[in-house]
S.K.: 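Handing you this structure, nothing more for now.
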Number of protein chains: 2
Amino acid sequence: MNDLKIRCTPEPTLRRLPLYLGFLKGISDRGRNISCTQIANEFGFDPTQVRKDIAQTGIVGTARIGYDTKDLILQIETFLGWNKKHEAFLAGAGNLGTALLKYNLFKDEYGLDIVAVFENDKAKQGTHIAGRKVLPVDKITDLARRMHVPIGVIAIPPEAAQSVADRMIEGGIIGIWNFCPVALKVPEGIIVENARLSTSLAVLTGKLHNLLNA
Amino acid sequence: MNDLKIRCTPEPTLRRLPLYLGFLKGISDRGRNISCTQIANEFGFDPTQVRKDIAQTGIVGTARIGYDTKDLILQIETFLGWNKKHEAFLAGAGNLGTALLKYNLFKDEYGLDIVAVFENDKAKQGTHIAGRKVLPVDKITDLARRMHVPIGVIAIPPEAAQSVADRMIEGGIIGIWNFCPVALKVPEGIIVENARLSTSLAVLTGKLHNLLNA
DNA sequence: TAGATTGTTAATCGATTAACAATC
DNA sequence: TAGATTGTTAATCGATTAACAATC
């Protein structure tokens, strides 16, 4: 419902590419070439799968040789949009929000530049967290529109999540990274990615349960 | 490679069940019955999919009526193992680790009880974070064995992740919740769930890219 | 009863894996 | 050259969706 039905990169591919990227960046000698087989071995994946994933980025390899490591790194980063800055608004300056702000990796490695923080708690408004001023939530729409910010990060209590998402979308934000355990209702064309930790934990405890009761 | 090939609950199902649970818990009148159609509508899913997901938990519904809301909540929680406490060790007392500790939801809602924190930084050792004493990393194996802790949470810098995972596994930990952007090598039978935020972000920026260049 | 809903079986769809020709 | 690797097409596998009988 939420996706435009253009031929998109399969989601599993989008989930694997960052793994490859992390591995490639860890290679000390980037002058060497790298093959899909090598990458596949690292993760226990099928080499053909790795080849298809990589092909999505548009890079062309050389038979018998593989890919130039530096090229491949650059190509994956470009494909994911991680080598240009995406400005983002963060809603929520609680524990999780603060951790996201302080977790500098986002900006340096993934290009997510949180430029402003919004919070309902009046006590926090006006203070600074990790160098960003904390602003009232009702400023989101107007500021997003004026700054052309494309991404909104939602890390607030569940009750407020939908209304904050609405404000963001009204301000022209088209991608929402949602850390809140609720199903956001958004118009077609708006992308929601749920970074729900609970979901991830469910997979772990669910498998654990399968294992223990098998 | 990592999974035992017993007939397991499909991972997509494990990812959706927490959504249903969140929705069900948000229903004010839990005396009423609930149908798959209602749940499906909430999320824009196929009702049959919801029915199959729910069937995995073992609950049996009533034709024409649906499921008892309270029963269904309990059944999903039980299936996910969220209504009994799972003790866990946390490795890493940085921004992310601290946020995980303070994020009380884990204990109350998902049964993940972080009982000890381990950190290499000597300056932090001996201090307390959210009521837990910070211990040196080399105590993990011994303590895990003595306390029979089943789950390890890894939120440390990538370089140290593998060695910490090894220590955990040596101590008898069988499930690892990995927040670190590396591929952990673990023996068969050990469950690793990667809660990688970067992966989630990749899906968002990747789709955004697809959308903007379409 | 009528009709909504469950549970289940069959059809469809998409992702993974296998097979293989081209190539450096 | 020989053989490893790419790129691509075909086969397999599993998850999603559709169809439908049973039922309350």
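Chain identifiers are assigned alphabetically (A, B, ...) following the order of the sequence lines, protein sequences preceding nucleic acid strands; residue numbering begins at 1 within each chain. The basis for the numbers below is simple: all heavy atoms, side chains too, and nothing from hydrogens, waters or symmetry mates.
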S.K.: Which part of the nucleic acid, if any, lies within reach of A/Thr48 when heavy atoms closer than 4.0 Å are counted: base, sugar-phosphate only, or nothing?
M.R.: base
S.K.: What's the CD1-C1' distance between A/Ile34 and D/dA4, to the nearest Å?
M.R.: 15 Å
S.K.: In whole Å, what is the span from the CD1 atom of B/Ile54 to the C1' atom of C/dT8?
M.R.: 16 Å
S.K.: With DNA chain C as reference, determine whether A/Ala63 or A/Arg16 sits nearer its 5' end, using the nearest nucleotide of each.
M.R.: A/Arg16
S.K.: Check the orientation of B/Phe106 and B/Trp177. Use parallel for under 30°, tilted for 30 to 60°, and perpendicular for over 60°.
M.R.: perpendicular
S.K.: Could you measure the distance from the CZ atom of B/Phe23 to the CD1 atom of B/Ile34? Nearest 0.5 Å is fine.
M.R.: 4.5 Å
S.K.: Rounded to the nearest angstrom, tell me the gap between atom CD in A/Gln49 and atom P in C/dG14.
M.R.: 17 Å
S.K.: Looking at A/Arg64, does any N or O in its side chain come under 4.0 Å of the phosphate oxygens OP1/OP2 on C/dT23?
M.R.: no
S.K.: Rounded to the nearest Å, what distance is computed from the CG atom of residue B/Asp53 to the P atom of nucleotide D/dT17?
M.R.: 11 Å
S.K.: In dot-bracket form, how is DNA chain D paired, counting a Watson-Crick or G-U wobble pair only if both its distances are under 3.5 Å and using | for bases paired to another strand?
M.R.: ..||||||||||||||||||||||
S.K.: Starting at atom CZ of A/Phe45, determine the distance to atom P of C/dA18, rounded to an integer number of angstrom.
M.R.: 15 Å
S.K.: Rounded to the Å, how far apart are A/Arg51 CZ and C/dA18 P?
M.R.: 13 Å
S.K.: What nucleotide among D/dA22, C/dG7, D/dA15 has an atom nearest to a side-chain atom of B/Pro10?
M.R.: D/dA15
S.K.: Rounded to whole Å, please give me the gap between CG in A/Asp46 and P in D/dT12.
M.R.: 15 Å
S.K.: Quick check: closest heavy atoms across B/Ile173 and B/Gly152, and the distance to 0.1 Å?
M.R.: CG2-N, 3.6 Å
S.K.: If I take atom CD in residue B/Gln56 and atom C1' in nucleotide C/dG7, what distance separates them, rounded to the nearest angstrom?
M.R.: 13 Å
S.K.: Is any side-chain N or O of A/Lys52 under 3.5 Å from a base N or O of D/dT6, one able to act as donor and the other as acceptor?
M.R.: no
S.K.: Just one of A/Leu112, A/Ile151, A/Leu96, A/Val153 clears the side chain to side chain contact (heavy atoms under 4.5 Å, CB included) bar with A/Leu90, so which one?
M.R.: A/Val153
S.K.: Kindly point out which of C/dG7, D/dT5, C/dA15 is positioned nearest to the side chain of A/Pro12?
M.R.: C/dA15
S.K.: Report the relative orientation of the aromatic rings in A/Phe45 and A/Phe43; use parallel for angles under 30°, tilted for 30 to 60°, perpendicular for over 60°.
M.R.: parallel
S.K.: For the NZ atom on B/Lys102, are there more than 12 heavy atoms of other groups (residues, nucleotides or ligands in this structure) within a distance under 6.0 Å?
M.R.: no
S.K.: Should A/Asp166 and A/Gln162 be marked as a side chain to side chain donor-acceptor pair (under 3.5 Å) after you check the CA-CA gap, both sets of side-chain angles, and the distance that decides it?
M.R.: CA-CA 6 Å; A/Asp166 294 343; A/Gln162 182 64 55; 2.9 Å; yes
S.K.: For DNA chain C, whose closest nucleotide is more 5', that of A/Thr13 or that of A/Ile65?
M.R.: A/Thr13
